[in-house]
Amino acid sequence: MSAAQQNALPFLPADLAGQVAVVTGAGGVLCSELAGALARAGMKVALLDLDPAAAEAVAARLREAGCEAMGIGADVLQRDSLEHAAAQIAATLGPCTLLLNGAGGNHPKGTTSKEWLEPGDLADASLTSFFDLDPAGISFVFNLNFLGTLLPTQVFARQMLLPDGRARAGASIINVSSMNAFCPLTKIPAYSAAKAAVSNFTQWLAVHFCKTGIRVNAIAPGFFLTAQNHKLLFDEATGDPTARAGKILAHTPMGRFGEATELAGTTLWLASPAASGFVNGVVIPVDGGFAAYAGV
Ligand code: NAD
């Protein structure tokens, strides 16, 4: 049994039952798990993903387990697509009270080959240096992570508000930032800056919405093993940790990667007004101590 399984959640907040959660990127590794945790807490969950089959596969598993869930194809960068999904959700499950902005990720064209620029590197055409970074790659990453958080918020926060402009009881937004928003990781300037923007936006929106009653917080996952980063962390041929994975583990005081289930407790705590009703505008690291460790 892994350390994460030993820490299986001993509680589910009771006040979430019957409320409607919308989770973007819900076909992916981390957010499928978080959607499941919200569903097990009794929420009616709409799982949105660019890949409708991935979203529906997760929803089907949740329905088999007795939960209420629907999978929907939606692009977090297309307002029309989000509006279409929002109308379907409102008609089927009811208005959204919790939005979990989980869709996000990096792009190779926003990534340098090496950690440092060293003398001689510019003569090596095989390297992608800082000077070679493609604006299209940078825009992709900024759009997916930042605009892909802002646009769903515009669409689904509307459903949280009653006609008098006050929020439904329990209305809340949880963004997914990253530990690299606190201190940028080498090689991925676009992703680090885009997640810093998500953290900053979390604070801005918490202040902007506070008179309505909508709370806005974020989780900042450390290193979790997913399809997205598997190639970066393990040698495909041998299955051994790469040099980068070794550095990550050496910089993680707890000495291991996180498991998706270990984000569930923080998510449920932030979602539940009974548990965290006075928590607003925070970004919670869930990273085995990575962000706290200076390295010596
Ligand atoms: P993942 O790639 O498994 O899941 C991301 C999902 O988002 C995919 O199912 C993808 O289809 C979907 N998606 C992509 N573009 C979309 C779009 N335009 N519209 C709708 N859906 C879209 O990634 P993951 O590792 O589960 O990451 C989930 C979130 O956690 C992301 O925001 C990621 O940046 C963040 N994060 C992950 C880690 C980690 O270690 N995996 C660490 C920190 C933060």
Side-chain angles (χ1 to χ4, degrees), residues 4 22-37 46-59 71-82 84-86 99-107 110-111 139-153 155-156 174-185 188 190-199 201-202 218-234 244-245 248-249 252 256-264 266-267 283-288 290-291:
V22 174
V23 180
T24 72
V29 183
L30 300 186
C31 292
S32 57
E33 184 65 37
L34 300 184
L47 297 100
L48 271 53
D49 202 286
L50 195 56
D51 179 349
E56 180 45 30
V58 180
I72 305 176
D75 184 346
V76 293
L77 298 177
Q78 299 295 330
R79 194 163 174 143
D80 288 356
S81 163
L82 291 164
H84 183 70
L99 171 64
L100 174 57
N101 279 311
N106 192 24
H107 192 281
T111 304
S139 302
F140 175 90
V141 176
F142 264 85
N143 285 345
L144 176 56
N145 292 282
F146 181 63
L147 207 56
T149 296
L150 188 147
L151 287 177
T153 301
V155 171
F156 289 103
I174 302 173
N175 296 328
V176 179
S177 182
S178 166
M179 118 290 284
N180 67 29
F182 302 112
C183 186
L185 298 183
I188 50 172
Y191 183 63
S192 298
K195 287 301 193 186
V198 170
S199 291
F201 177 59
T202 299
I219 52 175
F223 281 91
F224 287 74
L225 264 187
T226 66
Q228 188 190 353
N229 63 17
H230 199 272
K231 272 191 202 162
L232 196 70
L233 302 178
F234 288 93
R244 195 164 171 86
I248 291 164
L249 292 173
T252 304
R256 64 176 176 85
F257 294 106
E259 294 184 28
T261 51
E262 292 179 294
L263 291 168
T266 306
T267 302
V283 181
I284 308 284
V286 184
D287 66 355
F290 187 99

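The basis for the numbers below is simple: all heavy atoms, side chains too, and nothing from hydrogens, waters or symmetry mates. Numbering of ligands and ligand atoms starts at 1, following listing order.
By the 4.5 Å heavy-atom criterion applied to side chains, Thr111 and Tyr191 are not counted as neighbours. Using a 4.5 Å heavy-atom threshold, the side chains of Phe156 and Leu48 count as touching. With a 4.5 Å cut-off on side-chain heavy atoms, Phe182 and Asp287 do not count as touching. Between Thr252 and Met179, the closest side-chain pair of non-hydrogen atoms is not below 4.5 Å.
When only interatomic distances are considered, the shortest N/O to N/O separation between Gly25 and ligand 1 does not fall below 3.5 Å. Residue Gly102 has at least one N or O atom closer than 3.5 Å to an N or O atom of ligand 1. Polar contact with ligand 1: present for Gly28 (N/O pair, distance under 3.5 Å). Residue Asp51 has no N or O atom closer than 3.5 Å to an N or O atom of ligand 1. At least one N or O atom of Leu50 sits closer than 3.5 Å to an N or O atom of ligand 1.
Ligand 1 places these atoms under 4.0 Å from at least one heavy atom of Ala74: 19 (N), 20 (C). Every atom of ligand 1 is numbered from 1 in the order shown, and the set under 4.0 Å from a heavy atom of Leu144 is 15 (N), 16 (C), 18 (N). Annotation for ligand 1: atoms under 4.0 Å from non-hydrogen atoms of Val176 are 29 (C), 30 (O), 32 (O), 35 (C). Proximity to Asp75 (heavy-atom distance under 4.0 Å) selects the following atoms of ligand 1: 17 (C), 18 (N), 19 (N). Ligand-side atoms of ligand 1 in range of Gly222: 40 (O), 42 (C), 43 (C), range being under 4.0 angstrom from any heavy atom. Every atom of ligand 1 is numbered from 1 in the order shown, and the set under 4.0 Å from a heavy atom of Ser178 is 43 (C), 44 (C).
Other residues, nucleotides and ligands place more than 12 heavy atoms under 6.0 Å from the NE2 atom of His107.
Checking Gly73, Ser177, Gly148 against atom 44 (C) of ligand 1, the nearest heavy atom belongs to Ser177. If you check each of Val76, Leu100, Asn180 against atom 17 (C) of ligand 1, the one with the closest non-hydrogen atom is Val76. Counting heavy atoms only, Gly104 comes closest to atom 5 (C) of ligand 1 of the residues Ala54, Cys31, Gly105, Gly104. Closest heavy-atom approach to atom 33 (C) of ligand 1 among the candidates Phe223, Phe224, Tyr191: Tyr191.
Thr149 places no side-chain N or O within 3.5 Å of a backbone atom of Asn101 that could act as its donor or acceptor partner.
In this structure, Asp49 and Ala55 approach most closely via the heavy-atom pair CB-CB, 3.8 Å. Smallest separation of non-hydrogen atoms from Ala193 and Phe142: CB-CZ, 3.5 Å. Annotation for Val141 and Ala194: closest pair O-CB, 3.9 Å, computed over non-hydrogen atoms. Residues Ile174 and Thr267 come closest through the heavy atom pair CD1-O, 3.5 Å. Summarising the geometry of Leu147 relative to Pro152, their closest heavy-atom pair is O-CD, 3.9 Å, with the distance given to 0.1 Å.
Contact annotation for Ala220 and ligand 1: no heavy atom of the residue comes within less than 4.0 Å of the ligand. In Leu225, neither the side chain nor the backbone holds a heavy atom less than 4.0 Å from any atom of ligand 1. Counting heavy atoms under 4.0 Å from ligand 1, residue Lys195 touches it through the side chain alone.
Residue Ala55 places no heavy atom under 4.0 Å from ligand 1.
Between the side chains of Asn175 and Thr202, at least one donor N or O sits under 3.5 Å from an acceptor N or O.
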